[in-house]
Each structure stands twice: as C-alpha cells, then as structure tokens.
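First the structure, in the form of structure tokens, and then the observations on it.
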Amino acid sequence: MLHIHNTLSRQKEEFRPIDPTHIGMYVCGPTVYDFAHLGNARPVVVFDVLYRLLKRHYPRVTYVRNITDIDDKIIAKSKESGEPFLSITKRTAQAFHDDMDALNALPPDIEPLCSGTIPQMLDMIATLIEKGHAYAADGHVLFHVPSMKYYGELSRRSRDELIAGARVEVAPYKKDPADFVLWKPSAPDQPGWDSPWGRGRPGWHIECSAMAKMHLGITFDIHGGGLDLIFPHHENEIAQSRCAHDGAPLANYWMHNGFLTVNNDKMSKSLKNFFTVRELLAVAPGEALRLALLSGHYRQPLDFSVEALQKAKATLDKWYGALRGKAAAHAEKLGVPVALEDALLDDLNTPLAIAHIHELANELNRAATPAEQAPIRARLLAAGEVLGLLQQDPETWFRWQPAEGAGPTDAEIETQIAARLAARKAKNYAESDRIRDALAAQGVILEDSAGGTTWRRG
RNA sequence: GGCGCGGUGGCAGAAUGGCUAUGCAGAGGACUGCAAAUCCUCGUAUGCCGGUUCGAUUCCGGCCCGUGCCUCCA
C-alpha cells in the first residue's frame, strides 16, 4: 500500500487513486531558456522513481510533464544573445532530454508544449471571465483572487498575509493586489498569439492548468514539483482550475521535493553556485549523479558537493564490482525484494532502499558458488532497476572515463596487463609493480584474483 | 512581520515509546609475492531545559541554533 506525503494536509496519507486502472500524474517541467542545473534534475529523478513505482502497482499510468517554451526569460535571452526565440527553445529542450536520459529518467508519457496548448488556455481564460473569476484590464487578463474561496489552501497563506508581505509594487490595473496575470500583451517583436483581448501571451500559471486538463482531465491523482512552486505557482494553478471547473479539485495529492543546496545555500542561478547537469556528466557518470540525488529523502534538503558525487560513484563501483563476473540466473527474473519495495511505498524512502541494496551487494560478495550467486544477483539487479540503477554491463561501467581524461585506451591497458602478467610469471615483481603503478598514475586500478586480472578506471 | 522546515556517531543518512539501520572514514584480522578488491571483528550519536510515562532520541511545552517561502525559481 502506497503512502505519500500530501502537501495539502502536510501529512502522510494512504494513496487512493481515482481510478485504480489508470493513474494520472502531472509534474511541472522545465522552462527552456538554459541548461538544466542539478536542482532542476532533482524533481525529474524523484518523480521518475515514483513513476516506476506506480507502473509496478497499477496497470496504466499517464505521466505528463510539460515544457514551458513561452516565458519572459526566454524572450530576454533571445534579445540579449540575438539567437532566435525558437532556436533557443528547441536547442534547450533537446539538451534537457539528453541530460535526463543520462540520468536514466524515463521519458514522460506526454510532454506537452506550452506553445501547443494556446487554444486550451484561451478557452479556460474565457471560462474564468464568464464565471466572474477573471477580468480584462489594460490589455491584460487577470485572475481575481478574492473570488476564489479556497485561495491559500495549499500554501497556507491568507490573502491578507500575502498583501502584508508583498515586496512587489502592485500594477495599477489590478483590482486586488493579489490578482495575477492570465494573459498579457506582447510587443510586435515578442512571441504572441491573437486573442479576444488582443495579441499576447499566457501568464506563467495558466499553461499548467490548461495542459493538465487537456491530458489528465479535470481532477487527477498526483501533482508534483519543487518546494518553491507551492507559492505562487501551484496555488494559482489550483485557483484557476477549480474556478473553471465549479470547485472540482485539481489534484488529490500534491508532492513537493526539497531543495538542493551547495554549502547549505540554495542552489540558484543568482547565487552562481549551481552545477549544470551537463558539466557534472563530464566528471562522473549520470548514474552516479542519479544515486547522489536519491541518497537523501526527497522532501529533505540535499546538500550537493563533488565529494558527495564521488562517493556515489564509489558506491556504484562497489555494487558493480559485486555483479562483475557473476553468473546470470537463467531462471526467470526475480521480483523486487519486499523490504525494498516497502521502503519506496512509504513515501519514497530511497535512503532506506539504498541500504537494502547495500545488503544485497554484501550478500552477493559473500556467496561462494555460482548456484548461490545467481539468485542474489537477480535480486540485486531487480532492486537496482526500481531506482533506475545497475542496468548497464559492469564492464561498461568500469570503462567510463571523464570527458577530459586522455588516459590510456582500453587496448593499451590490456597490453600492459599482458606484459605485467608475463613479468609476474617470471617472478619479476619489480617490473610487475612498475606497470601497475604506472597505470595507477593514469587512473587505472588493477585487481588480481584467482580468475585473472581485472581493471577499472578510478 | 506572517507561514514553514530541520538539528541523530568524524562525515553522509534512515528509523523508532524500551532491544538504535546502512554507507564512507577510522582500528584490528583473513586473503594476496606486495597491493587492490572482498570478507570477518570493533569503537563512537540522538542541540538544551522541563513535562507525560515503568521507560523518550521518538509524544507535549519552552529555549537555543540553522534554514526555506512570502518576487522569477525545481
């Protein structure tokens, strides 16, 4: 039985799907104006683990993650660099896909573009005006917050508090200081679409409401995203959708992942303390990055460092080392170990799941015969798969090298190992150790065992 | 000012009203030509002060410290 922490209640709840034969999940995706940093990758990996879990327990899951390709940051970037708007969004979306693939994140079932959902947004805006929840003013359309009875339910803020704490000047055309934009005018040189309120573009929040409705219906099961989206983004999404749908809930469960920090500061562009996924992939394999992101519970803050990344890689070295050279079970694939599945069913307790994987790896290392090893190996692989880990060939894993590493090629290493073997046979240990030390200096570690010498890049 | 989160061994990080994971690092041992890897053994923790309880790290209250949101943000 799956339990998840619901931001609406601030409590762990039993997950009760609307339709047990078909689960709907929406997660806010990237705004494509720049390379994804690791903070952007965290929700992708976290909800990927949830997606995999749901797929094991329900016959059908529809996972929707949007791409925001209309945004003022993209417009600003285009103006600044001279690169055409569409070129930026297309290139950045592709880079995002490449990065997430490297992290072993499964693609969502549906990945709608904001620019492809304009008619649905215009429909919803018209409905909101019709129902008295929105109004046109000065080329804009604004959502009227006081018309929404439950506004603040998710973020637990009252409208008065919002106004009291406001740090932004209120635009003169707003009826209420808390009102937010559904549609805004575009200058001739800015991307825009014709609408009853003039040529313009959507506000940030309406896109998710429209895309969620289009692909998942009025009410769906799970809505996810980063903690910082609770307010205002998700609060506003709820306001728009519920008001457009006569009060029907938008999502029954809201899940939010904690921040990624660097030296305990939030990783952000403005602090310039961010790492892009891209630059980290040059330092360590994507799988190590993924493990590092899952090494803490998703709701806790996670402090990232290159050391933490290297530790994750060392952990995977150990696990792949346990798998290396072990006979595969020819029997059918074993199921996911119960203890591990239970850990994930309890609000995605990935650290506990990882502890179980350690236990399996140790068990595999202790197993002496192929007959004992095969079933443990199968369980370890099944365990890895639920976290999106351990699915590559161990030999491939150990051959990975950093992007700038101009170390010896695989063939050169093999040649050196053969030379060393000859020296060892002749009991010329000085020469043998010289070869080993020379390779070690180039980042290649040799390991002798009864079965011969294996190597890995450290 | 309002709302919220967190303080667990040297580090990372779970869990729990009593018997306290897991990993890394550290100490000792096995194995090895020597290593590496692996295996075995070992040490060390629940911010402070009260309360409830037979018993609290776990529940309640206060305090201290750190931190997030209230503006674009995963």
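Just so we're clear, the structure is a prediction, and the values are computed from it rather than from any experiment. In what follows, chains are A, B, ... by sequence order, proteins preceding strands, each numbered from 1.
- For the residue pair A/Ala312 and A/Leu291, the shortest heavy atom distance occurs at O-CD2, 3.5 Å.
- Taking the side chain of A/Asn365 as heavy atoms from C-beta on, and the options B/C39, B/A21, B/C69, the nearest nucleotide is B/C39.
- In this structure, A/Arg157 is positioned above the aromatic face of A/Phe231, its NZ or CZ under 6.0 Å from the six-membered ring centre and within 45° of the axis.
- In the model, A/His256 has a side-chain atom that pairs as donor or acceptor with a side-chain atom of A/His234 under 3.5 Å.
- At a cut-off of 3.5 Å, with distance as the only test, no side-chain donor of A/Glu83 or A/Ser78 sits close to an acceptor on the other residue.
- Distances shorter than 4.0 Å separate some side-chain N or O of A/Arg366 from OP1 or OP2 on B/C40.
- Atom CG in A/Leu229 sits about 14 Å away from atom P in B/U71, given to the nearest Å.
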(message) Treating primed atoms plus P, OP1 and OP2 as sugar-phosphate and everything else as base, which nucleotides of nucleotides 22-28 of chain B get B, S or - for protein heavy atoms under 4.0 Å?
(response) SBS----
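- Straight-line distance from the CG atom of A/Asp342 to the P atom of B/U16: 13 Å, rounded to whole Å.
- Distance, A/His205 NE2 to B/A74 P: 13 Å, rounded to whole Å.
- Atom CD of A/Gln300 is separated from atom P of B/G66 by 19 Å (rounded to the nearest Å).
- Rounded to whole Å, the separation between the C1' atoms of B/G10 and B/A45 comes to 11 Å.
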Report each atom pair, protein N/O against N/O of nucleotides 31-35 of chain B, whose distance is under 3.5 angstrom.
residue	atom	partner	partner atom	Å
B/G33	N7	A/Arg424	NH2	3.4
B/G33	O6	A/Arg424	NE	3.3
B/G33	O6	A/Ser432	OG	3.3
B/G33	N1	A/Asp433	OD1	3.0
B/G33	N2	A/Asp433	OD2	2.7
B/C34	O2	A/Arg436	NH2	2.5
B/C34	N3	A/Arg436	NH1	2.9
B/C34	N3	A/Arg436	NH2	3.3
B/C34	N4	A/Asp448	OD2	3.3
B/A35	N6	A/Asp448	O	3.2
B/A35	N1	A/Asp448	N	3.1
B/A35	N1	A/Asp448	OD2	3.4
B/A35	N3	A/Arg436	NH1	2.9

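- The backbone N or O of A/Ala367 lies less than 3.5 Å from no partner atom in the side chain of A/Glu372, so there is not a single donor-acceptor pair.
- Nucleotides B/G43 and B/G28 have their P atoms positioned 16 Å apart, rounded to a whole Å.
- B/G68 and B/G51: their C1' atoms are spaced 31 Å apart (whole Å).
- Counting to the nearest Å, the P atom of B/A74 and the NE2 atom of A/His37 are 7 Å from each other.
- In this structure, A/Lys73 and A/His297 both approach RNA chain B, and ranking their closest nucleotides by distance from the 5' end singles out A/His297.
- Among pairs with a residue in residues 284-306 of chain A, those fulfilling salt bridge (Lys or Arg N to Asp or Glu O under 4.0 Å) read A/Asp48-A/Arg290, A/Arg299-A/Asp347, at least two apart in sequence or across chains.
- Between B/A56 and B/G23, the distance separating the two C1' atoms is 27 Å to the nearest Å.
- Figure legend: cation-pi geometry between A/Lys77 and A/Tyr33 absent, as NZ or CZ is not positioned both under 6.0 Å from the six-membered ring centre and within 45° of its axis.
- Counting only N and O atoms by type, the side chains of A/Asp71 and A/Thr31 include no donor and acceptor under 3.5 Å apart.
- When the P atom is compared between B/C31 and B/A21, the two are found 30 Å apart, to the nearest whole Å.
- Across all strands shown, the partner of B/G61 is B/C49, judged by Watson-Crick or G-U wobble contacts whose two distances both fall under 3.5 Å.
- Relative to the six-membered ring of A/Tyr150, A/Arg242 meets both conditions, a distance below 6.0 Å and an angle of at most 45° to the axis.
- A side chain to side chain donor-acceptor pair (under 3.5 Å) with A/Gln190 is found for one member of A/Arg201, A/Lys79, A/Lys184 and no other, namely A/Arg201.
- Side-chain N/O atoms of A/Asp179 and A/His144 include a donor and acceptor closer than 3.5 Å.
- In this entry B/G26 has B/C42 as its Watson-Crick or G-U wobble partner, both defining distances falling under 3.5 Å.
- Between A/Thr31 and A/Asp303, the residue whose closest nucleotide on RNA chain B is further toward the 5' end is A/Asp303.
- B/U38 atom P lies 16 Å from atom OH of A/Tyr320, rounded to whole Å.
- Protein atom CZ of A/Phe398 is 16 Å distant from nucleotide atom P of B/A36, rounded to whole Å.
- With a cut-off of 3.5 Å on both Watson-Crick or G-U wobble distances, the partner of B/A56 is given as none.
- Within the nucleic acid shown, A/Gly225 comes within 4.0 Å of sugar-phosphate atoms alone, with no base atom in reach, counting heavy atoms only.
- Proximity of A/His37 to A/Val277: side-chain heavy atoms (C-beta onward) are nowhere separated by under 4.5 Å.
- On the P atoms, B/C19 is 30 Å away from B/A27, given to the nearest whole Å.
- When the C1' atom is compared between B/C59 and B/U53, the two are found 10 Å apart, to the nearest whole Å.
- Rounded to an integer number of Å, the gap from CZ of A/Arg299 to P of B/U67 is 22 Å.
- In this structure, the nucleotide among B/A74, B/A36, B/A14 sitting nearest to the side chain of A/Lys266 is B/A74.
- Base pairing analysis places B/A14 opposite nothing; no Watson-Crick or G-U wobble pair with both distances below 3.5 Å involves it.
- Nucleotide B/G66 has B/C5 as its partner under the Watson-Crick or G-U criteria, with both atom distances under 3.5 Å.
- Taking the P atoms as reference points, B/C69 lies 26 Å from B/G61, given to the whole Å.
- Base pairing annotation: B/C34 forms no Watson-Crick or G-U wobble pair, as no partner gives both donor-acceptor distances under 3.5 Å.
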